[in-house]
Every structure is written in C-alpha cells, then in structure tokens.
Amino acid sequence: MKFHHIGIATPSIENLLLKLSKFLEIKEKSEIIYDKNQDASLCMITLSDGTKLELIGGGVVSNLIKKRNYLYHTCYEVSDITKTKSDLINDGAFLVSDAKEAILFNNRKVAFLMWDLGLIELVEENQDGVN
C-alpha cells in the first residue's frame, strides 16, 4: 500500500478552494466533477510539496459535515485491490463500499474499508502513468 491522498469533506468545494489558496500553494487542481457511483462532487488538488487532497462534497459526506468532522479518509494506492481488500478484512477491517469505478481516477476501481486507521480508500494502481 502506497499513500495517495487525504479526503476532506466540505459543504462547498469552491469556497474551500478559495480558503486553501490563501494558506497553501496549490500546484495542480482538477475540475470539480460529480461521480454518481460515489454520490459525490470531487476535486483533487496537489500542493507544492506533492501532497494530494481530495475535496469531497455531496450526499456521501453530508452527515460528517453536520458534525463538523471534515477529515474523511486516507487513500492508498494498491497493485491488487481484490487481494489487499481481502487481506485487510482478514486483519479485522470491514467493507464499507465494495470496489467500483471512480471517475476522478480515470475509472480505476476504488473501495472503502473501516480499519485501524479509520476509513481508508483503496485505489487501483495506475497502469498508464496518469494519477
């Protein structure tokens, strides 16, 4: 498992982008997209040091936002999502959302599990060099 990004819940991706740009150097920013498979609006930013933040709005994070809990998940890139998911479940994790294609990651599969690190997202390793 290789660290990929931190997911941040937000009531407004646009407002959070404005706020973050005052304090952080944003090197890259994706378009804001809606992914019906995830029931979420999404935007990936890369900071000047290479750290990636996924900004997430919509139904999937609405309960977190109501509680003002904005740290949503950590994401790890894996070479074999099925095997890693199985290994984590055997280690005590439980499946929150099974593997499905994610538009933000060029339709690579993602899965969510609750584990000792909290909610984690697994994303298939990129085969074509695009993050």
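These numbers come from the heavy atoms of this one structure, side chains and all, not from hydrogens, waters or symmetry mates. If you're wondering where the values come from, they're calculated on a predicted model, not measured in any experiment.
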Residues in side-chain hydrogen bond (donor to acceptor under 3.5 Å, both in side chains) contact with Tyr34, at least two apart in sequence or another chain: Asp39
Pairing residues for Glu124 by the side-chain hydrogen bond (donor to acceptor under 3.5 Å, both in side chains) criterion, not counting sequence neighbours: none
Using distance only, find each side-chain donor-acceptor pair of residues 12-20 under 3.5 Å and give its atom names and separation, not counting sequence neighbours.
unit_1 : atom_1 : unit_2 : atom_2 : d
Ser12  : OG     : Asn15  : N      : 3.1
Ser12  : OG     : Asn15  : ND2    : 3.4

With sequence neighbours excluded, residues passing side chain to side chain contact (heavy atoms under 4.5 Å, CB included) with Lys27: Thr46
Lys52 with Glu28: basic N within carboxylate O range, under 4.0 Å: no
Contacts of type side-chain hydrogen bond (donor to acceptor under 3.5 Å, both in side chains), residue Lys85, not counting sequence neighbours: Asp98
Salt bridge (charged side-chain N to carboxylate O under 4.0 Å, His left out) between Arg108 and Glu77, worked out: CA-CA 10 Å; Arg108 288 187 283 160; Glu77 191 172 44; 2.9 Å; yes
Those residues that, when tested against Asp116, pass side-chain hydrogen bond (donor to acceptor under 3.5 Å, both in side chains) (two or more places apart): none
Results of side chain to side chain contact (heavy atoms under 4.5 Å, CB included) for Lys22 - residues two or more places apart only: none
Residues in salt bridge (charged side-chain N to carboxylate O under 4.0 Å, His left out) contact with Lys66, at least two apart in sequence or another chain: none
Validation row: Leu122, Ile120 side chains within 4.5 angstrom (heavy atoms): yes
Residues forming a side chain to side chain contact (heavy atoms under 4.5 Å, CB included) with Phe94, sequence neighbours excluded: Val96, Met114
Those residues that, when tested against Asp49, pass side chain to side chain contact (heavy atoms under 4.5 Å, CB included) (two or more places apart): Leu47, Thr51
Only distances under 3.5 Å count here; give the side-chain donor-acceptor pairs of residues 53-64 to other protein atoms, sequence neighbours excluded, each with its distance to 0.1 Å.
unit_1 : atom_1 : unit_2 : atom_2 : d
Glu54  : OE1    : His5   : NE2    : 2.8
Glu54  : OE1    : His73  : NE2    : 3.3
Ser62  : OG     : Gly59  : O      : 3.1

Backbone of Ala102 reached by a side-chain donor or acceptor of Asn37 within 3.5 Å: no
